[in-house]
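Chain identifiers are assigned alphabetically (A, B, ...) following the order of the sequence lines, protein sequences preceding nucleic acid strands; residue numbering begins at 1 within each chain. These values consider heavy atoms only, across backbone and side chains, with no hydrogens, waters or symmetry-generated copies.
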There are 2 protein chains.
Amino acid sequence: MGEVGRRPLSRRRILEAAVELVDREGLRGLSMRRLGRELGVEAMSLYNHVPNKEALLGGMVEVLIEGVEIPGESSAGWEEQVRGAFRSYLNIARAHPEVFQLFATRPLGTGEALRIFEVLRGAGLDVVPALHAFRALSSYTIGYALAEIRGFPLELEGGPRALELAPPLKEVDRDAKFDYGLDLIISGLRQKLDRQGAKGDSQRRSKRGPDHR
Amino acid sequence: MGEVGRRPLSRRRILEAAVELVDREGLRGLSMRRLGRELGVEAMSLYNHVPNKEALLGGMVEVLIEGVEIPGESSAGWEEQVRGAFRSYLNIARAHPEVFQLFATRPLGTGEALRIFEVLRGAGLDVVPALHAFRALSSYTIGYALAEIRGFPLELEGGPRALELAPPLKEVDRDAKFDYGLDLIISGLRQKLDRQGAKGDSQRRSKRGPDHR
DNA sequence: GCTCTTAACTTACACCGTATATTTACAACG
DNA sequence: CGTTGTAAATATACGGTGTAAGTTAAGAGC
């Protein structure tokens with residue numbers, strides 16, 4: 001009766017199947033019964049690995065967040081690290097637009113947040129400014145991703161200009177839109193940094209020191 | 001059987017009751033039956049004024065958006081107009097945090113978008129830069145509002161510092177957090193503006209001209 | 001009076017999340 | 001080998017959901 005080659009259920013397998021299902025059929029298509037069927041199992045079996053649907057949704061967010069890549073210290077400067085991290089974030093959103101909507105109501109992973117925070121600290125920002133910067137960058141990125149997913153208002157989608165451009169060019173254009181705001185924030189941060197660096201150097205912290213904590 | 005002083009049902013009345021219900025009991029507490037009961041009516045009666053629940057949610061967003069106030073041209077400069085508009089946006093989110101979560105998946109009202117867009121145009125921005133600016137500002141604001149509602153990561157909420165501050169001071173602090181990123185973007189925009197203004201003045205457009213379109 | 005229109009109510013259906021109880025599958029041990 | 005303990009699957013059931021379809025009631029215009 002049971003299929004032979006069926007891998008056993010596991011939290012991980014459930015989460016991945018859920019992400020795939022939502023990618024395919026949207027958030028509204030996700031139900032415990034439907035997901036169970038997808039895995040060849042009754043709905044209630046899922047509860048052996050996940051306490052309830054809310055936790056399932058949270059786990060799906062986790063899975064996506066794991067995919068965010070933050071460039072290492074070997075990269076050019078902190079600007080490039082930050083840019084890379086948030087671009088990666090946006091790309092996750094683009095790869096899983098339906099799942100990403102869950103990010104609107106669920107907090108970022110503390111782990112990723114900490115890593116980015118450390119980059120900002122490493123750039124010479126004091127704790128409070130680094131928090132401010134983190135808030136600004138992550139707010140912008142999540143807001144942008146959500147807006148892109150649902151479509152920006154005022155954007156004349158069917159305009160003649162759009163039709164002339166080849167798909168690859170449109171991709172570039174799409175990235176440029178995001179970078180516009182991202183660079184506005186990053187270069188604003190750099191200015192603050194330079195200004196305070198020139199003023200007093202009140203915190204002893206070299207521009208790339210291996211200082212932790 | 002029917003109560004005497006009962007006003008007749010209407011789309012508007014339904015939407016306002018829905019907002020109030022969600023404010024009170026959260027998004028999960030909103031169902032057609034529950035909302036009907038709130039209005040002293042059966043669930044199916046609502047369908048005479050609203051095609052389905054999705055449209056109901058959309059209508060609730062509309063109601064909130066109507067509350068956004070954009071300072072008129074009489075205000076100081078375009079910076080203050082923009083700042084005021086997006087602060088107003090954030091305040092709506094704070095007044096109706098549960099309902100605001102719907103903004104994550106539903107587009108801004110085209111009307112409000114247009115008015116803000118015109119402010120940016122009036123500031124001397126060409127069409128494309130104004131679109132970029134609008135995207136950056138609205139993405140940041142919505143992202144920030146959502147993040148504030150769910151709580152920022154890394155924020156040591158129970159820290160000793162927080163406890164020492166009086167509630168009014170915390171309010172100020174809360175606004176300062178939002179303004180930090182908002183000002184980063186606005187001052188970045190101003191720089192771009194000044195730079196291009198000094199460079200070629202390629203578009204004949206005085207800094208405060210009554211130019212429309 | 002009568003009809004026409006509108007908006008209310010009633011019923012019914014398929015589906016939802018999940019509490020609870022039961023059965024199955026398998027590993028460890030004698 | 002059989003036994004037993006345990007984890008994970010299934011089965012059933014309950015109260016809720018959105019809404020399609022059918023019915024009733026109240027008022028407007030003739």
Side-chain angles (χ1 to χ4, degrees), chain A residues 1-63 98-99 101-102 104-106, chain B residues 1-63 98-99 101-102 104-106:
Chain A
M1 197 172 293
E3 298 188 12
V4 177
R6 208 163 66 208
R7 284 175 301 168
L9 223 46
S10 77
R11 180 182 141 92
R12 186 73 201 188
R13 220 161 82 75
I14 290 174
L15 295 182
E16 282 167 2
V19 167
E20 201 233 343
L21 175 60
V22 171
D23 280 346
R24 196 160 12 98
E25 320 217 346
L27 270 175
R28 310 213 47 198
L30 173 66
S31 78
M32 300 304 272
R33 286 176 233 261
R34 182 81 178 74
L35 180 56
R37 203 185 324 145
E38 207 76 11
L39 288 158
V41 120
E42 296 299 313
M44 289 312 289
S45 299
L46 304 174
Y47 286 87
N48 287 315
H49 306 269
V50 154
N52 51 46
K53 192 180 184 183
E54 182 54 33
L56 173 73
L57 299 176
M60 293 167 67
V61 169
E62 269 179 44
V63 168
E98 284 286 333
V99 182
Q101 316 218 26
L102 298 172
T105 26
R106 255 152 279 267
Chain B
M1 199 172 291
E3 299 188 13
V4 176
R6 207 163 67 210
R7 284 174 301 168
L9 224 45
S10 76
R11 179 182 140 93
R12 185 73 202 187
R13 220 162 81 76
I14 289 174
L15 295 182
E16 282 167 2
V19 168
E20 201 233 343
L21 175 60
V22 170
D23 279 346
R24 195 161 13 97
E25 320 218 347
L27 271 175
R28 309 214 49 198
L30 173 67
S31 77
M32 301 304 272
R33 286 179 235 262
R34 181 81 178 75
L35 180 57
R37 202 185 323 146
E38 207 76 12
L39 288 159
V41 121
E42 294 300 313
M44 290 311 288
S45 299
L46 305 173
Y47 285 87
N48 287 316
H49 306 269
V50 154
N52 50 46
K53 191 180 182 182
E54 181 54 33
L56 173 72
L57 299 176
M60 294 166 67
V61 169
E62 271 178 43
V63 168
E98 283 286 332
V99 182
Q101 317 219 26
L102 298 172
T105 27
R106 257 152 277 266

| task | Using a cut-off of strictly less than 4.0 Å, decide whether A/His49 has a side-chain nitrogen or oxygen near OP1 or OP2 of D/dA9. | result | yes
| message | Whether B/Ser45 contacts C/dC9 is assessed here as follows: a side-chain N or O lying under 4.0 Å from the phosphate OP1 or OP2. Is that the case? | response | yes
| request: Scan for side-chain hydrogen bond (donor to acceptor under 3.5 Å, both in side chains) pairs involving residues 31-46 of chain B, sequence neighbours excluded, and state none if there are none. | output: B/Arg24-B/Glu38, B/Glu25-B/Arg34, B/Arg34-B/Glu38
| note | In terms of heavy-atom contacts, B/Gly36 and B/Leu46 come closest through N-CD1, 3.9 Å
| remark: Taking every heavy atom of B/Leu21 against every heavy atom of B/Gly29, the minimum-distance pair comes out as CD2-O, 4.1 Å
| task | Answer with yes or no whether B/Asn48 presents, from its side chain, a donor or acceptor under 3.5 Å of a partner atom in the base of C/dA8. | result | yes
| remark: In B/S/- notation (B base, S sugar-phosphate only, - none; protein heavy atoms under 4.0 Å), nucleotides 12-27 of chain D written 5' to 3' is -B---BBBBB------
| message | Test of understanding: with side chain to side chain contact (heavy atoms under 4.5 Å, CB included), list the residues that count as partners of A/Gln101, not counting sequence neighbours. | response | A/Leu27, A/Glu98, A/Ile149, B/Thr105
| query | Distance from A/Leu15 atom CG to A/Glu62 atom CD, nearest 0.5 Å? | reply | 7.0 Å
